[in-house]
Amino acid sequence: MKITKAEKSDKKALLHFYKAQHYSASFLGHDQCYFVKKNNTIIAAVMVSKIAEQFRHYFLHALVVDEKFQHQGIASLLLNHANKLHQPLICFANNSLETLYTHNDFEKLSVLEYETVIPQHLLLRFIGYKNKQSQLQVFISTFDNVKTE
């Protein structure tokens, strides 16, 4: 499957894809978006944001695969692609997705590691999300073993 880097002209189609998947996605800052199409239709996408220039970290979010195409390795394909291009990646995901992330070079952080590993702006965002989704966890890429500034 071919991964395509989104251009500005793809933004409307990507937002439509996310809406059709019942996922509230938005572009956060300096975003890169990658997607997979089948028969000219987006079937999966992921966003990677460089939210603050003073930090090396990238925020991976909005990893969504259309339900009809799940369990075919597409999420792993997108994760590996993003991991090769953006280091280190931090993401927030439900505990039920731990296997997906750990099998794709991510490590689940313990609560004690949050403050020492996550940049403050992402930590504050995580705390806000965690208040609404108690099963949310923090994962960081271990692809090149870079974890802190």
Side-chain angles (χ1 to χ4, degrees), residues 3-8 10-36 42-67 69-149:
I3 296 175
T4 303
K5 181 179 176 184
E7 301 293 331
K8 192 173 186 174
D10 297 313
K11 187 175 180 178
K12 189 174 181 178
L14 284 161
L15 292 175
H16 180 72
F17 163 75
Y18 283 117
K19 186 175 182 179
Q21 301 304 314
H22 308 287
Y23 188 90
S24 177
S26 60
F27 293 91
L28 299 174
H30 303 287
D31 296 310
Q32 299 292 323
C33 189
Y34 306 97
F35 62 91
V36 175
I42 297 172
I43 62 165
V46 66
M47 292 184 189
V48 178
S49 299
K50 180 78 170 174
I51 297 173
E53 287 301 319
Q54 68 268 30
F55 298 105
R56 292 180 336 134
H57 298 80
Y58 291 87
F59 182 53
L60 182 135
H61 57 109
L63 174 61
V64 177
V65 178
D66 184 297
E67 189 176 307
F69 299 96
Q70 291 178 2
H71 306 289
Q72 297 179 27
I74 300 169
S76 293
L77 187 72
L78 285 167
L79 280 175
N80 286 315
H81 184 78
N83 231 347
K84 288 176 187 170
L85 298 174
H86 308 283
Q87 282 292 312
L89 280 172
I90 294 175
C91 70
F92 311 146
N94 193 298
N95 227 9
S96 64
L97 296 172
E98 181 175 351
T99 302
L100 170 67
Y101 285 98
T102 57
H103 280 97
N104 286 287
D105 297 315
F106 281 78
E107 173 185 325
K108 181 172 139 180
L109 295 182
S110 70
V111 174
L112 297 174
E113 293 174 300
Y114 290 173
E115 289 186 24
T116 59
V117 176
I118 305 173
Q120 186 69 22
H121 64 288
L122 284 179
L123 180 60
L124 293 173
R125 180 172 290 203
F126 173 71
I127 292 167
Y129 292 162
K130 179 91 169 164
N131 289 333
K132 297 175 186 171
Q133 302 174 44
S134 63
Q135 295 296 309
L136 208 59
Q137 299 297 322
V138 178
F139 296 88
I140 188 166
S141 61
T142 58
F143 186 74
D144 73 352
N145 295 316
V146 174
K147 293 190 180 140
T148 58
E149 292 291 285

A.B. asks: Who are the salt bridge (charged side-chain N to carboxylate O under 4.0 Å, His left out) partners of Lys5, not counting sequence neighbours?
C.D. replies: none

A.B. asks: Apply side-chain hydrogen bond (donor to acceptor under 3.5 Å, both in side chains) to Ser76 and list each qualifying residue two or more places apart in sequence or on a separate chain.
C.D. replies: Asn104

A.B. asks: Got a second to check how far Ile140's CD1 is from Tyr58's OH, nearest 0.5 Å?
C.D. replies: 13.5 Å

A.B. asks: Mind checking whether Gln32 and Lys50 have side chains closer than 4.5 Å, heavy atoms only?
C.D. replies: no

A.B. asks: Just to verify, what does Ile42 make a side-chain contact (heavy atoms from CB on, under 4.5 Å) with, not counting sequence neighbours?
C.D. replies: Ala13, Leu14, Phe17, Phe35, Lys37

A.B. asks: To check you understand the geometry: which heavy-atom pair defines the closest contact between Thr99 and His103, and what is its length?
C.D. replies: O-ND1, 2.8 Å

A.B. asks: Do Ser141 side-chain atoms and Asn83 backbone N/O form a donor-acceptor pair below 3.5 Å?
C.D. replies: no

A.B. asks: Not counting sequence neighbours, list each pair that qualifies as a side-chain hydrogen bond (donor to acceptor under 3.5 Å, both in side chains) and has a residue in residues 13-24.
C.D. replies: Gln21-Asp66

A.B. asks: Measuring from Leu97:CG to Leu63:CG, what's the distance to the nearest 0.5 Å?
C.D. replies: 8.0 Å

A.B. asks: List the atom of Ala45, the atom of Leu78, and the distance in Å for their closest heavy-atom pair.
C.D. replies: N-CD1, 3.8 Å

A.B. asks: Could you tell me which residues satisfy salt bridge (charged side-chain N to carboxylate O under 4.0 Å, His left out) with Glu113, sequence neighbours excluded, listed by chain and number?
C.D. replies: none

A.B. asks: Take Tyr34 and Thr4 through the side chain to side chain contact (heavy atoms under 4.5 Å, CB included) test and state the conclusion after the steps.
C.D. replies: CA-CA 5 Å; Tyr34 306 97; Thr4 303; over 6 Å; no

A.B. asks: Please report the closest heavy-atom contact between Val36 and Ile3, naming both atoms and the distance.
C.D. replies: CG2-CG1, 4.1 Å

A.B. asks: Can you list everything that forms a side-chain contact (heavy atoms from CB on, under 4.5 Å) with Glu98? Sequence neighbours excluded, please.
C.D. replies: Asn95, Thr102, Lys108, Phe139

